[in-house]
Amino acid sequence: LSPVCLGSLRRAASINAEYMGKYFKSMMWLGRIDMRIAGGEEMGQDPSAPRRTWFLSVILSSLLRDGAFKNWTYFNKLCEMLIGVTDSMTFSQLRTVMERAEVSLDSLKTEEDLTDFQTKVLESSYGTQHIQGAVYEASTDPNVAQVELPRSFTFLGQKFVMDSWVLGELVFDKVMYNGQKVGRRVPSSLDVAFAVFQNDNTVHDIHRRMKGGDERFRDGMPYHQNLEALRKVIDNLPEEEWSRNVYTMWLGR
């Protein structure tokens, strides 16, 4: 399980209405607490932990009977329509993998069974994350590979949003310059303005900050290659990508 975002939970606790406070707290837990089903070994995770987590995920899926699964599907589709696709494996995807692998809760009896099932998952793209929603350790050594987010399963996981993805790609250890990892820890709203909103008027301020600004962990560091690459990716998105959900329609240019 990933570390809990205490800031989010404090926000829920600060809400005056007790009922709504419990609701928001529950939603934050369901979105932020992920079950890591593969990967994470490079971050010191026990290699057998994902397999045990897999078993818990399968148990959860088995407990979600037809009526409950129908309610979950409706709620998840509603969230995806409003915000974006889930940035982790969902119950629907887990069931698809289980059906293709002809796996059931009763058939997963040994460590080898779990390992075989895990291998089948890794052959697909299910559970791949793009948003850094938790705390990860990364080496400053340029010879050490950049952190690859673990495959995860969530009950109602966080959704993929373009501006969040951009911010995560412009900080350590995603930024490389002259063969070295750039220690930029804090992104900026100007990054989103340029990459997502096509605001070229931000170029002067972004350049000035790269040369030397006031923010210790944000300024004075080169990251223009990543920023330009992100802008190019977003500029080349097909038109239909901007109408897939309410959030991207709001972002739409």
Side-chain angles (χ1 to χ4, degrees), residues 2 5 31-32 34 39 42-43 80 82-88 125-142 144-152 157-253:
S2 67
C5 180
R32 299 299 300 274
D34 64 327
E42 71 279 6
M43 292 176 279
E80 291 190 340
L82 292 172
I83 308 168
V85 297
T86 305
D87 194 46
S88 54
S125 61
Y126 292 147
T128 302
Q129 296 187 93
H130 301 282
I131 305 294
Q132 300 186 47
V135 177
Y136 300 99
E137 293 184 8
S139 173
T140 57
D141 187 345
V144 176
Q146 295 170 311
V147 168
E148 182 177 349
L149 298 180
R151 300 283 189 96
S152 288
Q158 64 181 0
K159 310 306 179 188
F160 178 88
V161 290
M162 205 173 298
D163 45 330
S164 180
W165 172 65
V166 165
L167 293 175
E169 294 295 314
L170 295 174
V171 292
F172 181 81
D173 68 338
K174 297 294 186 180
V175 182
M176 299 287 293
Y177 187 72
N178 288 339
Q180 300 295 318
K181 294 180 179 180
V182 177
R184 189 174 190 246
R185 305 183 196 178
V186 181
S188 167
S189 58
L190 294 180
D191 301 334
V192 173
F194 175 81
V196 180
F197 294 113
Q198 289 184 312
N199 189 340
D200 293 332
N201 293 323
T202 60
V203 172
H204 173 75
D205 288 327
I206 291 173
H207 181 264
R208 177 179 56 80
R209 287 181 175 183
M210 286 188 194
K211 291 298 182 180
D214 301 325
E215 183 68 39
R216 179 183 176 189
F217 296 114
R218 183 196 66 193
D219 302 335
M221 290 171 275
Y223 65 97
H224 53 282
Q225 292 175 322
N226 287 47
L227 188 61
E228 291 171 0
L230 291 166
R231 169 70 176 265
K232 188 174 295 185
V233 168
I234 294 174
D235 282 350
N236 290 327
L237 288 175
E239 191 62 33
E240 57 266 23
E241 286 294 328
W242 298 98
S243 58
R244 289 189 181 275
N245 53 71
V246 174
Y247 190 80
T248 52
M249 289 175 67
W250 175 77
L251 284 178
R253 304 171 298 181

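Evaluation of the ring pair (Phe, Tyr, Trp, His ring centres under 6.0 Å) rule for Tyr247 yields Trp250 as partners, not counting sequence neighbours.
In this structure the side chain of Phe172 never reaches within 4.5 angstrom of the side chain of Val147, judged on heavy atoms. Within the 4.5 Å cutoff, the side chain of Ile206 has no heavy atoms near those of the His224 side chain. Counting only heavy atoms from C-beta outward, the side chains of Ile234 and Trp242 approach each other to under 4.5 Å. Counting heavy atoms from C-beta outward, Met162 and Glu241 have side chains that stay 4.5 Å or more apart. Contact annotation: the side chain of Phe197 approaches that of Leu251 to within less than 4.5 Å [non-hydrogen atoms, C-beta and beyond]. Between Val171 and Val186, every side-chain heavy-atom pair lies at or beyond the 4.5 Å cut-off. Taking 4.5 Å as the limit, every side-chain heavy atom of Met176 sits out of range of all side-chain heavy atoms of Val182. For the pair Thr86/Glu80, a side-chain contact is recorded, criterion being any heavy-atom separation below 4.5 Å from C-beta on.
Residues Arg151 and Ser125 come closest through the heavy atom pair NH1-C, 4.1 Å. In this structure, Arg218 and Ser188 approach most closely via the heavy-atom pair CD-CB, 3.9 Å. Nearest heavy-atom pair, Leu149 versus Ile131, reported as atom, atom and distance to 0.1 Å: CD1-O, 3.7 Å.
Between Ser189 atom OG and Asp163 atom CG the span is 11.0 Å, to the nearest 0.5 Å. Atom CE of Met221 and atom CD of Glu215 lie 9.0 Å apart (nearest 0.5 Å). A distance of 6.5 Å separates CG in Leu167 from CG in Asp191, rounded to the nearest 0.5 Å. Taken to the nearest 0.5 Å, the CG atom of Asp34 stands 5.5 Å off from the CD atom of Gln129.
With a 6.0 Å cutoff to the six-membered ring centre and a 45° limit on the axis angle, Arg184 counts as a cation-pi contact of Tyr223. The side-chain tip of Arg231 points at the ring of Phe194 from less than 6.0 angstrom away and within 45° of straight on.
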Applying side chain to side chain contact (heavy atoms under 4.5 Å, CB included) to Ile83 and Asn245, what does each step give before you reach the verdict?
CA-CA 6 Å; Ile83 308 168; Asn245 53 71; 5.8 Å; no

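Using a 4.0 Å cut-off between charged side-chain N and carboxylate O, Asp205 and Arg208 make a salt bridge.
Atom CG of Asp200 sits in a crowded spot, with more than 12 heavy atoms from other residues, nucleotides or ligands closer than 6.0 Å.
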